[in-house]
Amino acid sequence: MNNKFFITGLPRSRTAWFSAFMTASGYPCLHEGLNGCKSIAEYKQKIKHKSDSNTGFIFVDAPIDRPTLVIHREDRHDGLFDNVDLNKIKGLHVEFSDIHERIEEIFTYLTGDQIDWVIYNTFKNLNVTTMLEMDVESAKVLLNEAS
């Protein structure tokens, strides 16, 4: 399967969940693929054959040559994300509260394929959280490169 995509949103918008669900569905998807990259070029190479579900996507000049899901969740962000305008990202925009009712549309938009309801129902109520430690030095380099 060669379908590659991006998923983004503010923290706590199910990006980790989507990464796990999409990977289980046969579409390898990183979570926070920007982490550890020291340049946009390195990130592009890292995601060459994979998708990425990433809250930091909004801060870098990454390629938007793939279907992109943008998840809006206004009630969950902190100071770093106060002025983030997700509306400027081209893609399918979905409210966090609408993910379940729009999951078939989301899946087909990202992959071009039909959702596997058995896999979805296995993941539907799963609470996926991460203890990802950000590579702060790499993040600073990426943010400076993106400016």
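The first residue of the sequence shown is numbered 1, and numbering continues consecutively from there.
One finds the NE2 atom of H100 at 8.5 Å from the CG atom of N125 (value rounded to the nearest 0.5 Å). If you take CD1 on I119 and OG on S25, they are separated by 4.5 Å, rounding to the nearest 0.5 Å. Here the straight-line distance linking atom CD1 of I115 with atom CD of E105 works out to 11.5 Å at 0.5 Å rounding. Put simply, NZ on K44 and SG on C37 are 12.0 Å apart, with the number rounded to the nearest 0.5 Å.
Cation-pi geometry between R66 and F6 is met: under 6.0 angstrom from the ring centre, within 45 degrees of the axis.
No donor-acceptor pair under 3.5 Å is formed between the side chain of S19 and the backbone N or O of T15. Remark: side-chain polar atoms of N121 are paired, donor with acceptor, to backbone N or O of W117 under 3.5 angstrom. A donor-acceptor pair under 3.5 Å links the side-chain atoms of T108 to the main chain of D113, judged by distance alone. Judged by distance alone, with hydrogens and angles left aside, the side-chain atoms of Q45 form no donor-acceptor pair with the main-chain N or O of A41 at under 3.5 Å. Under a 3.5 Å cut-off, the side chain of T23 and the backbone N or O of A20 do not form any donor-acceptor pair.
Looking at H72 and V70, their side chains come closer than 4.5 Å, going by heavy atoms from C-beta outward. With a 4.5 Å cut-off on side-chain heavy atoms, N54 and I7 do not count as touching.
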Problem - Verdict with supporting geometry, E32 and T55, side-chain contact (heavy atoms from CB on, under 4.5 Å) - result: CA-CA 7 Å; E32 304 297 355; T55 58; 2.8 Å; yes
Exercise for the section: Run the numbers on I103 and E101 for side-chain contact (heavy atoms from CB on, under 4.5 Å), then give the verdict. Expected result: CA-CA 6 Å; I103 194 65; E101 68 186 44; over 6 Å; no
Exercise for the section: Take T68 and I89 through the side-chain contact (heavy atoms from CB on, under 4.5 Å) test and state the conclusion after the steps. Expected result: CA-CA 8 Å; T68 302; I89 300 174; 3.9 Å; yes
Exercise for the section: Could you go through the side-chain contact (heavy atoms from CB on, under 4.5 Å) check for M22 and F5 one step at a time? Expected result: CA-CA 10 Å; M22 297 307 289; F5 48 82; 3.6 Å; yes
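When all heavy atoms of L30 and I47 are compared, the closest pair comes out as CD1-CG2, 4.0 Å. Residues N35 and K46 approach most closely at O-NZ, 3.1 Å, considering heavy atoms. Counting all heavy atoms, side chain and backbone alike, K4 lies closest to K50 at CD-N, 3.8 Å. Shown here for Y109 and G91, the closest heavy-atom pair between the two residues is OH-CA, 3.5 Å. Taking all atoms of both residues into account, the shortest heavy-atom contact from L126 to R14 is O-NH2, 3.2 Å. Here the closest non-hydrogen pair linking I99 and I71 is CD1-CG2, 4.1 Å.
The aromatic ring centres of F123 and F18 sit 6.0 Å or more apart.
By the 30° and 60° cut-offs, the orientation of the rings of W17 relative to F21 is parallel.
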